[in-house]
Amino acid sequence: MGKGKLEKFQDLGQMPHVFQNFKWLDPKLLNYKKEVVDYRGKWSKEVFKNDHPIILELACGYGEYTMAMAEELPNKNIIGIDLKGNRIWTGANYVQEKGLNNAVFLRSAIELLENFFGANEVSEIWIPFADPHVRDSKSKKRLTGPKFIQLYRYLAGKEGIIHLKTDSDLLYEFTLQVIETEGCTILENYPDLYNSTFNNELLRVKTRYEKLNISGSARVKYVKFRLN
Ligand SMILES: C[S@@+](CC[C@H](N)C(=O)[O-])C[C@H]1O[C@@H](n2cnc3c(N)ncnc32)[C@H](O)[C@@H]1O
């Protein structure tokens with residue numbers, strides 16, 4: 001039988017490559033020794049012990065992209081981030097079993113990342129199958145909204161690259177509008193990804209939510225853009 005939530009939370013708390021924040025106000029990252037750590041501007045040097053570029057997977061859920069990128073991109077440092085510890089456990093456990101030393105996980109709200117990273121510390125951000133927040137009243141929670149673009153500009157600077165993969169027409173169209181109003185530059189745009197010719201094999205990675213196909217859409221959409 002698989003592990004339950006509580007066992008997964010216990011496991012997570014003992015993994016050296018997992019860092020967790022439990023507070024919205026006064027956020028602090030705790031390591032597996034329950035020590036407060038501050039790696040702002042120092043993730044590559046102090047955590048990964050190299051100077052490789054950092055890629056974030058936001059709202060990573062079970063961490064499929066983090067797992068795949070850690071295996072496929074040994075010269076990058078990958079950080080999977082999600083609120084839900086029982087989901088992160090899957091990726092964190094995989095990374096541990098495979099002995100991958102270029103991936104870690106953060107259990108945190110994305111909104112708090114300014115507390116945990118230095119300016120321009122990140123090179124790319126992947127956002128696969130984020131919640132589209134279909135109701136207008138929740139639109140501020142969409143991870144490609146202007147407030148988040150501002151956060152990503154802090155994390156990744158003008159050269160920062162964002163990858164959005166979604167089956168939601170609403171989130172895709174919303175993102176295209178934000179790209180325009182925010183003056184970002186589209187680098188690749190596939191309204192029907194799997195019926196397009198693309199070079200990046202990572203785009204074939206299917207996350208848990210992609211497989212669930214909640215929107216019922218026949219088309220997966222992908223847009224890659226530079227923040228500017
Ligand atoms: C629709 S699921 C997608 C998960 C994964 N990307 C996938 O494709 O299977 C959305 C995920 O976003 C996470 N999430 C939502 N809001 C978040 C926030 N503000 N900060 C961190 N994670 C968040 C949820 O915990 C959930 O795992």
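Quick caveat: nothing in here was measured; it's all calculated off a predicted structure. Counting starts at 1 for both ligands and their atoms, in listed order.
The contact set between ligand 1 and S108, taken as ligand atoms under 4.0 Å from a residue heavy atom, comprises 20 (N), 21 (C). Interface atoms of ligand 1 facing R208, defined by a heavy-atom separation under 4.0 Å, are 9 (O). In summary, the atoms of ligand 1 found under 4.0 Å from a heavy atom of T207, numbered by their order in the structure, are 7 (C), 8 (O), 9 (O). Under a 4.0 Å criterion applied to the non-hydrogen atoms of C60, ligand 1 contributes the atoms 5 (C), 6 (N).
The closest protein non-hydrogen atom to atom 5 (C) of ligand 1 is A59 O, 3.5 Å. Protein heavy atom closest to atom 3 (C) of ligand 1, with residue, atom name and distance, is F129 O, 3.2 Å. At the top of the distance list for atom 11 (C) of ligand 1, counting protein heavy atoms only, stands D82 OD2, 3.6 Å. Given atom 22 (N) of ligand 1, the protein heavy atom at minimum distance is L83 N, 3.3 Å. For atom 19 (N) of ligand 1, the closest non-hydrogen atom on the protein side is E111 OE1, 2.8 Å.
Using a 4.0 Å cut-off between heavy atoms, K141 makes no contact with ligand 1 at all.
At a threshold of 4.0 Å, the pair D169-K221 counts as salt-bridged, since one of the basic side-chain nitrogens sits closer than that to a carboxylate oxygen. A salt bridge links R40 with D38: at least one charged nitrogen is closer than 4.0 Å to a carboxylate oxygen.
Polar contact with ligand 1: absent for A109 (N/O pair, distance under 3.5 Å). Looking at P128 next to ligand 1, an N or O pair under 3.5 Å apart turns up. The shortest N or O to N or O distance between I110 and ligand 1 is under 3.5 Å. For the pair E210 and ligand 1, the shortest N or O to N or O distance does not fall below 3.5 Å. Here's the thing with R87: one of its N/O atoms is less than 3.5 angstrom from an N/O atom of ligand 1. When only interatomic distances are considered, the shortest N/O to N/O separation between E57 and ligand 1 does not fall below 3.5 Å. Not a single N or O atom of D131, backbone or side chain, sits closer than 3.5 Å to an N or O atom of ligand 1. In terms of polar-atom proximity, defined here as any N/O pair under 3.5 Å, Y209 does make such a contact with ligand 1.
Remark: the backbone N or O of Q10 is not paired with any side-chain donor or acceptor of W89 at under 3.5 angstrom. In this structure a side-chain-to-backbone donor-acceptor pair under 3.5 Å is missing from D167 to V220. Y65 places no side-chain N or O within 3.5 Å of a backbone atom of L58 that could act as its donor or acceptor partner. Listed for the Q150 side chain is no donor-acceptor partner under 3.5 Å among the backbone atoms of K147.
A cation-pi arrangement is absent between K8 and Y62 under the rule of less than 6.0 angstrom and at most 45 degrees off the ring axis.
Each of D51, N50, N102 was scored for a side chain to side chain donor-acceptor pair (under 3.5 Å) with N77, with one residue passing: N50.
Taking the six-membered ring for Trp and thresholds of 30 and 60 degrees, H17 and F105 have ring planes more than 60 degrees apart, a perpendicular arrangement.
Counting heavy atoms from C-beta outward, F48 and V104 have side chains that approach closer than 4.5 Å.
Ring centers of F19 and Y39: under 6.0 Å apart, within the cut-off.
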